[in-house]
Amino acid sequence: MIYVFALFLLTLLVITAVAIVRTENLFVAVMLTSIFSLLMAANFFILDAADVALTEAAVGAGVTTVIFLSALALTGDWEKPRPGGRTVALGTVGVLAMLLIYASFDKPRLGDPEAPVHQHVAPWYLEKTPEYMDIPNVVTAILSSFRGYDTLGEVFVVFAACIGVLFILGVKPARQTAAAPQPVSGLRHHLIPQVVGRLLVPFIVLFGLYVQFHGEYGPGGGFQAGAIIATGVILYALLEGEAEALRAVPRSVLLALVVGGALLYGAVGVVCMLKGGAFLDYSVLAADPVFGQQLGILVIEAGVGMAVCGALLSIFHAFAARESMT
Amino acid sequence: MYIVVSIAILVTMVLALVRALLGPTVYDRVLAVNVFGTKTVLLLSVIAFLYGRPDFLDLALAYALINVVGILAVLEFFQDRFRKQERVDSD
């Protein structure tokens, strides 16, 4: 039954993807991308990948739509018609699709316990997580401890992406934007969004903190929590206007979050080395190695959350600042 | 029982998707996306019970909280565009 659901949702996914490519109205494309993201999350969920589904929910449904719309406000509504080059692109994509379909014949059946991926390191992770860390969510254990280097790399990628976007959009220093005339923005004059939104903001931030600190036990962790908290602040910005949100959480705080999050993660690794362990080997952090692992995971997840939240909000404000300049 | 409910929700999702694909006005599409989001929340909740893992309701909750922000962003986008248009017209 579940496979039927998954197949059905995947079919809808393909239809949506084709429609996104076909449409020339960029606003329609943004709306369809939002649906695409919802379908994707439902699919992840049905395939029992709750952590990924939560990430897709946190990033795809809220933040991405907002950032796409901010970008759309800077450009036009319609895609520019591009002459020629279509047949070459179609040929390349066609050949690649054929190759991928051919490769999929060798793929093991969905959910096959004999598949190579379930025979390699996965059993070891499942077996050793209770012994080394004693936390129920193996995904968090793998992401933040067993494969801590990868996650550190991802945090630096987020950091680099944030710096890149800020460079491209060329944010002016705070005093110059403050001097510029601020256009009236926000949904302040609409009663229903105002009242409901104000009620929602604290709950969204609280839920984000829950996802942050509950990551060892349920689906969630730093990435999802950072995105959810950023969504809460973005909601405040939508309601009260962007300037008001910058007053609540200034740009300097956001940059400190991005830099501080990445540094916190790296610093935990260095402290591990100073205490006589390997880089990012949390066992040496406390007298009891299991407690040391849990402590390390908690701290680096906090670093990830700070970096993601700061980066998403910086990008959002960079777009908004650019918008008010034009 | 849960399966019947899931199938009903899936059918509604298809209807919303059809509206989002066909349009014709942007408001049809905005509404379709909103309906689609709500249906996803419901589908996730029902499937969480179908799997016998109600702790996965966290996800549905996250969706319910976040989906509204996207829709508000769309509304503000149109409001700003309308204001800009007005300013251009009055100049």
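Nothing here was measured: the structure is a model prediction, and the numbers come from that model.
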Contact class of B:A48 relative to chain A, heavy atoms under 4.5 angstrom: both

What are the two closest heavy atoms between B:L43 and A:A42, and how far apart are they? CD2-CB, 4.4 Å

Closest non-hydrogen atoms of A:A57 and B:I66, given as atom of the first, atom of the second and distance, are O-CG2, 4.0 Å

Side chain, backbone, both or neither of A:F207 within contact of chain B (heavy atoms, under 4.5 Å): side chain

Pairs of heavy atoms under 4.5 Å with chain B: top-ranked of A:I15, A:L39, A:N25, A:I234: A:L39

Residue from A:L32, A:T16, A:I46 scoring the most non-hydrogen pairs under 4.5 Å with chain B is A:I46

Scored by heavy-atom pairs under 4.5 Å with chain A, the best of B:I7, B:D58, B:V41 is B:D58

Can you classify the ring geometry of B:F77 versus A:F27 as parallel (below 30°), tilted (30 to 60°) or perpendicular (above 60°)? parallel

Under 4.5 Å from a heavy atom of chain B, the part of A:L9 involved: side chain

So OH of A:Y210 and CG of B:L61: to nearest 0.5 Å the spacing works out to 8.5 Å

Evaluate the side-chain proximity of A:F5 to B:L50: yes if any heavy-atom separation is below 4.5 Å, no if none is. yes

Straight-line distance of A:T231 OG1 to B:L65 CG, nearest 0.5 Å: 9.5 Å

Here the gap from A:S34 atom OG to B:I71 atom CD1, rounded to the nearest 0.5 Å, amounts to 6.5 Å

Distance in Å, A:I35 CD1 paired with B:R29 CZ, rounded so as to fall on 0.5 Å steps: 9.5 Å

Rounded at 0.5 Å granularity, tell me how far CG in B:L72 sits from CG in A:L239. 6.0 Å

Checking A:A41 against chain B: side chain, backbone, both or neither under 4.5 Å from a heavy atom? both

Given the options A:V66, A:L69, A:L238, B:E76 meets side chain to side chain contact (heavy atoms under 4.5 Å, CB included) only with A:L238

So CE of A:M31 and CG of B:D28: to nearest 0.5 Å the spacing works out to 13.0 Å

Selection from A:L12, A:L200, A:V28 maximising heavy-atom pairs under 4.5 Å formed with chain B: A:V28

Show the nearest heavy-atom pair for residues B:L59 and A:L54, with the distance to one decimal. CD2-N, 3.3 Å

I would like to know whether B:V69 and A:I204 meet side-chain contact (heavy atoms from CB on, under 4.5 Å); could you show each step before the answer? CA-CA 10 Å; B:V69 179; A:I204 293 180; 4.3 Å; yes

Kindly check if the number of other-residue, nucleotide or ligand heavy atoms within 6.0 Å of CZ (B:F78) is above 12? yes

